[in-house]
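So the structure is just underneath, and the comments pick up after that.
Ligands are counted one by one from 1 in listed order, and the atoms in each one are counted from 1 as well.
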Amino acid sequence: MCGIVGYVGPKEAVSFLLAGMEKLEYRGYDSAGIAMLEKGEIRIEKSVGRLSFLEKIINQNKEKLTGTIGIGHTRWATHGRPSTINSHPHTDCDGNFVVVHNGIIENYQSLKEMLIERGHIFKSETDTEVVAHLLEELYDGDFLTAVQKTLRKLEGSYALVFLSKYQPDTIICSKKDNPLIIGLGDGENFVASDIPAIISHTRKTYILGDNETAVVTKDNVKVLDYRGVPVKKKIFEVEWDAQAAEKGGYEHFMLKEIYEQPKAIRDTMSGRIAKDNSKIVLEELNFSVEDINDIERIVIVACGTAYHAGMVGKYLLEKFARMPVEVEIASEFRYKDPIVNEKTLAIIISQSGETIDTLAAMKEAKKLGAKTLAITNVVSSSIAREADKVIYTWAGPEIAVASTKAYTTQLIVVTLLAIYFAQIKNTLSKEEIKELCQGLKFLPEQINDVLEEISPIKTFSKQYGFNENIFFIGRALDYAVALEGSLKLKEISYVHAEAYAAGELKHGTLALVVKEVPVIALATQEDVYDKMISNIKEVKAREAVVIGVAFQDDQEIEKHVDHVIRIPRANKFLTHVLSVVPLQLLAYFVAVTRGCDVDKPRNLAKSVTVE
Ligand code: AGP
């Protein structure tokens, strides 16, 4: 997965390209490069490492980059290790064409062999380089025709942006299963993988569809479908403001995004809970009783953090609506011959709406006849466009690799959905619905309360952040939260963290719990509270250090644990939205204490667009 930018206009392209790439570094950051057309020649600069390395090279260059048309790329390696040679852009043998790519060319090996046989000389280990050589091979006097012929030969997923010295005023780009947008300026146009790269220049965009190709000059954008027939695109106007994608005074995007959760949740609930708290309103679904009764089974498909939101969804849908639900890891789903048919509702959860495993799983579910409902944060993302129905989380752009506000807004949506199904099926009483609606509306303020109490969390992160193993335990909804807490810690602070259903510890993992090992014990589920206390005693008996997460008014907990993190009391089916917040903060402060790169953890990227 990678970030792509392109510019054509009257200005020097380099400043837009570098600024745009910086906004897209969340998509990949192991190397970066740009290509520019200058005096009829293609000029390329690239470097392994962060974008700042490339910037340094460019700034130290005696000969300044002055071209007014160029493309850029930040890379997350798939084929070929991170290195300067493997960084994009890639060229053909004679340097007549140049390309940047996000995705994977699955048939690159056979294409490469064919091209080598025909005399092409490859410089990199990447799949992308075949695209440049194919273009050279198929060029017959017309740049666009060569691109179209090239695309027909490719299998896999791609967002591709091309330049050619044969047509020095034109960028050509195309996409399949990876995002690409065109920013429409006044006498200048932009290409990018995502909106933050272009928003300070224009709010008017075309969102390219799969197999569409755009021919972009400074004064014109022509979009063609896979047959080469012009497509009339609708302008998509970006509504959120440029500041929304910036750090806004916080040290890291992750911290900013943790603090944005009350607003993100409020926005996500807005208009979806009746004023008198009598019902949930999900106009985007409009399901009738018959539609719901027609669903025999629900399967929730997602990856990582979104999968943890799916676990909460399963718990609540089963509890409230009494519908059978499976939660599947998207990368497993497609290959397991899933039992899915027209009576299945597949709920797809994905912050980015671009995760390729999730997208592929959704396509598989659709193929088998399932109705699909996407929960995503990105309007017009691939998953949103493919799904039959979409509920958006209104978290705003999430830049930090570790998902926080997108996760809590996913929790809100699965909770709303479970109540919505229950109200149609009549499986919750009016009083229960009212209580849940009221409880939901309290959550933003309650999260603010949690965010005001961060000093004990900071202290624990200093005290225990250098331990190499940390355990998280919980029961019922607390178990899903424990999983999310441990993923957060692993992902940004590189601490080995494991989450267990507390009752499961004694079936093996308890052997790892020894003196002074920190155990974070969530104890917010009143139905299993006593059982949880027994599990806490089991780890205390092995001399673990236990940090409990419990309600403000819980006086029992302190008798059994070493420290307590307090959260406000909430409806027992809504506690998960609160209890995860201290765990996000814990992961954050441990990562800071350990000197980790919080927003861009090693080996990871924000949008995982490779299988
Ligand atoms: C979250 O902190 C992770 N970075 C990761 O697990 C993420 O949730 C997963 O890759 C799914 O992404 P998506 O929601 O964009 O599909």
Side-chain angles (χ1 to χ4, degrees), residues 1 26-29 76 102 177-179 193-194 252-255 257-258 261 264 300-313 327-334 346-363 372 374-387 390-393 395-411 413-414 480-481 483-494 497 499 580-581 583-588 590-591 596-611:
M1 74 215 75
Y26 73 91
R27 303 180 63 85
Y29 37 79
W76 186 79
N102 170 29
D177 292 333
N178 278 309
S193 302
D194 199 358
H252 298 99
F253 279 114
M254 183 182 175
L255 191 62
E257 287 158 8
I258 289 174
Q261 290 180 108
I300 301 179
V301 188
C303 302
T305 286
Y307 173 82
H308 298 152
M311 288 182 66
V312 171
V327 196
E328 303 271 7
I329 293 171
S331 55
E332 289 291 313
F333 178 80
R334 187 151 71 123
I347 300 177
I348 317 300
I349 308 180
S350 171
Q351 183 281 130
S352 61
E354 300 295 346
T355 303
I356 204 82
D357 284 326
T358 313
L359 181 61
M362 176 165 89
K363 287 184 176 166
T372 52
I375 298 173
T376 181
N377 194 37
V378 181
V379 176
S380 290
S381 55
S382 303
I383 286 175
R385 278 181 285 125
E386 281 276 336
V390 185
I391 308 180
Y392 287 109
T393 51
E398 192 181 64
I399 307 295
V401 166
S403 185
T404 53
K405 61 176 181 168
Y407 172 67
T408 41
T409 54
Q410 286 164 356
L411 294 179
V413 169
V414 294
V481 175
L483 283 166
E484 176 57 10
S486 91
L487 177 66
K488 277 304 78 102
L489 194 64
K490 281 187 263 218
E491 144 172 70
I492 59 165
S493 60
Y494 319 145
V580 74
V581 177
L583 306 191
Q584 295 169 341
L585 287 164
L586 186 75
Y588 173 78
V590 171
C596 301
D597 190 345
V598 174
D599 286 335
K600 292 173 189 150
R602 70 185 180 206
N603 305 341
L604 302 177
K606 184 66 183 163
S607 184
V608 188
T609 51
V610 291
E611 269 195 77

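- Residues of the protein with a heavy atom under 4.0 Å from ligand 1 are Cys303, Gly304, Thr305, Ala306, Ser350, Gln351, Ser352, Thr355, Val401, Ala402, Ser403, Leu487, Lys488, Glu491, Val608, listed by chain and number.
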Walk me through it: do Glu398 and Ser403 pass the test side-chain hydrogen bond (donor to acceptor under 3.5 Å, both in side chains)? CA-CA 7 Å; Glu398 192 181 64; Ser403 185; 3.0 Å; yes
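- When the side-chain contact (heavy atoms from CB on, under 4.5 Å) test is applied to Arg602, the partners found at least two apart in sequence or on another chain are Tyr494.
- Partner of Thr393 under the side chain to side chain contact (heavy atoms under 4.5 Å, CB included) criterion, chosen from Thr409, Leu411, Thr408: Thr409.
- Listed by chain and residue number, nothing satisfies the side-chain hydrogen bond (donor to acceptor under 3.5 Å, both in side chains) test with Thr358 (two or more places apart in sequence, or in another chain).
- Evaluation of the side-chain hydrogen bond (donor to acceptor under 3.5 Å, both in side chains) rule for Glu484 yields Thr305, His308, Lys488 as partners, not counting sequence neighbours.
- With a 4.5 Å cut-off on side-chain heavy atoms, Val378 and Gln351 count as touching.
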